[in-house]
Amino acid sequence: MPTVEMLVRTGLATLLLAGVSVLVLVAGGIRGWWSPTVAVARAGVQLAALSLVLGGIIGDPIWVGVGLCIMFAVAVAVSTRRAGEPLAASWRAAVALGVGVGVAGGIVFVTGAVAFTPRYVLAVEAMVIGNAMTVASLAGRRFAQLRADRWAEVEGWLALGATPRRATRDLGRIAVYDALVPGIDQTKATGLVVLPGAFVGALFGGLSPLEAGRFQLVVLAAILAAGALTATMTVSLPTRRMLRSVDPRRGA
């Protein structure tokens with residue numbers, strides 16, 4: 001358990017770092033200058049609550065499953081909102097995330113690369129869900145932007161009798177690629193520029209550097225696999241109604 005002194009020092013460092021963000025953004029005239037501070041405050045409250053909850057459920061497979069379901073539901077809601085879609089369209093995010101997270105997590109544990117215990121299931125799946133959510137958001141937003149910017153091209157395909165899927169296929173490929181670039185770049189820089197959290201956490205947990213590196217490699221591969229599946233599914237599921245919603249003549 002952290003001491004009172006360490007909690008005070010943590011709070012001080014957090015406040016100073018948040019203050020730096022605010023000062024820099026205000027000085028630069030950037031809108032939403034308060035966003036980093038709000039994000040840090042939310043993270044602090046959520047991490048405190050999570051720490052208390054995990055202390056009681058980390059070894060219970062049922063409660064770990066409940067926790068992952070809650071994380072998944074939040075990820076679906078967030079990715080749907082960030083993609084600018086209505087709540088009724090959240091099934092697309094649910095399917096895309098479900099396929100990505102399910103396949104990637106299944107391979108990790110079925111192969112035995114990571115022990116199938118509540119502790120490891122929670123750690124791996126939480127990281128995969130979080131990263132897949134980001135990819136789904138990026139792919140959804142980029143796909144919507146491309147459809148709006150290049151609607152004349154899409155409309156041309158539709159006028160020639162193409163299906164909605166074919167009319168947006170090239171745009172979807174661009175959206176998937178753009179959504180995956182941050183994760184791919186970070187993975188390529190692992191060990192050189194980036195010291196990933198799973199690796200550091202495994203070291204702090206008592207694993208040897210070799211075991212920590214092995215665990216991190218599996219997690220990175222799972223994240224990329226889930227991201228590729230999630231992004232591809234995100235741009236493959238839109239309906240004709242969704243395509244019509246971005247027609248500039250309809251005021252979207």
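Computed over heavy atoms, backbone and side chain alike; hydrogens, waters and symmetry mates excluded.
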Would you kindly confirm whether V235 and Y177 end up in one hydrophobic cluster when ILVMFWY residues are joined by side chain heavy atoms under 4.5 Å apart? no
Walk me through whether F215 and V114 qualify under side-chain contact (heavy atoms from CB on, under 4.5 Å). CA-CA 7 Å; F215 177 69; V114 176; 4.0 Å; yes
With side-chain contact (heavy atoms from CB on, under 4.5 Å) as the criterion, how do S21 and T37 come out once you've worked through the C-alpha distance, each side chain's angles and the decisive distance to 0.1 Å? CA-CA 8 Å; S21 300; T37 302; 5.6 Å; no
Closest approach of V76 and S90, non-hydrogen atoms and distance? CG1-O, 3.5 Å
Enumerate, atom names and distances included, each donor-acceptor pair closer than 3.5 Å involving a side-chain atom of residues 127-143, sequence neighbours excluded.
| from | atom 1 | to | atom 2 | distance (Å) |
| --- | --- | --- | --- | --- |
| N131 | ND2 | M127 | O | 2.7 |
| T134 | OG1 | G130 | O | 3.3 |
| S137 | OG | M133 | O | 3.0 |
| R141 | NH1 | R82 | O | 2.9 |
| R142 | NE | D178 | OD2 | 2.8 |
| R142 | NH1 | Q145 | OE1 | 3.0 |
| R142 | NH2 | D178 | OD2 | 3.4 |

Return yes if some donor-acceptor pair links the side-chain N/O of R173 with the main-chain N/O of T168 below 3.5 Å, else return no. no
Side-chain heavy atoms nearer than 4.5 Å, only ILVMFWY residues, links allowed to pass through others: does that put L25 and L17 together? no
Within a 6.0 Å radius of atom CZ on R166, are there more than 12 heavy atoms belonging to other residues, nucleotides or ligands? yes
Once rounded to the nearest 0.5 Å, what's the spacing between atom CD of E125 and atom SG of C69? 10.5 Å
So, do R150 and I174 sit near enough that their side-chain heavy atoms are less than 4.5 Å apart? yes
According to a 4.5 Å side-chain heavy-atom criterion applied to Ile, Leu, Val, Met, Phe, Trp and Tyr, with indirect links allowed, do V26 and W34 form part of one hydrophobic cluster? yes
Smallest heavy-atom separation, F109 atom then V121 atom, equals CZ-CA, 3.5 Å
One should read off an interatomic distance between I184 CD1 and L220 CG, to the nearest 0.5 angstrom, of 12.0 Å
Give a yes or no on whether Y120 and V219 share a hydrophobic cluster (residues Ile, Leu, Val, Met, Phe, Trp, Tyr; joining criterion: side-chain heavy atoms under 4.5 Å apart). yes
Do M71 and L122 come within less than 4.5 Å of each other through their side chains, counting heavy atoms only? yes
Acceptor/donor pairs from residues 221-233 side chains to any protein atom, 3.5 angstrom cut, sequence neighbours excluded:
| from | atom 1 | to | atom 2 | distance (Å) |
| --- | --- | --- | --- | --- |
| T230 | OG1 | A96 | O | 3.4 |
| T230 | OG1 | A226 | O | 2.7 |
| T232 | OG1 | A228 | O | 2.8 |

Looking at L171 and L146, what are the two nearest heavy atoms and their distance? O-CD1, 3.4 Å
If you count the non-hydrogen atoms of other residues, nucleotides and ligands that lie under 6.0 Å from CD1 in I62, is the total more than 12? no
Cluster link V22 to L15, ILVMFWY, side chain under 4.5 Å: no
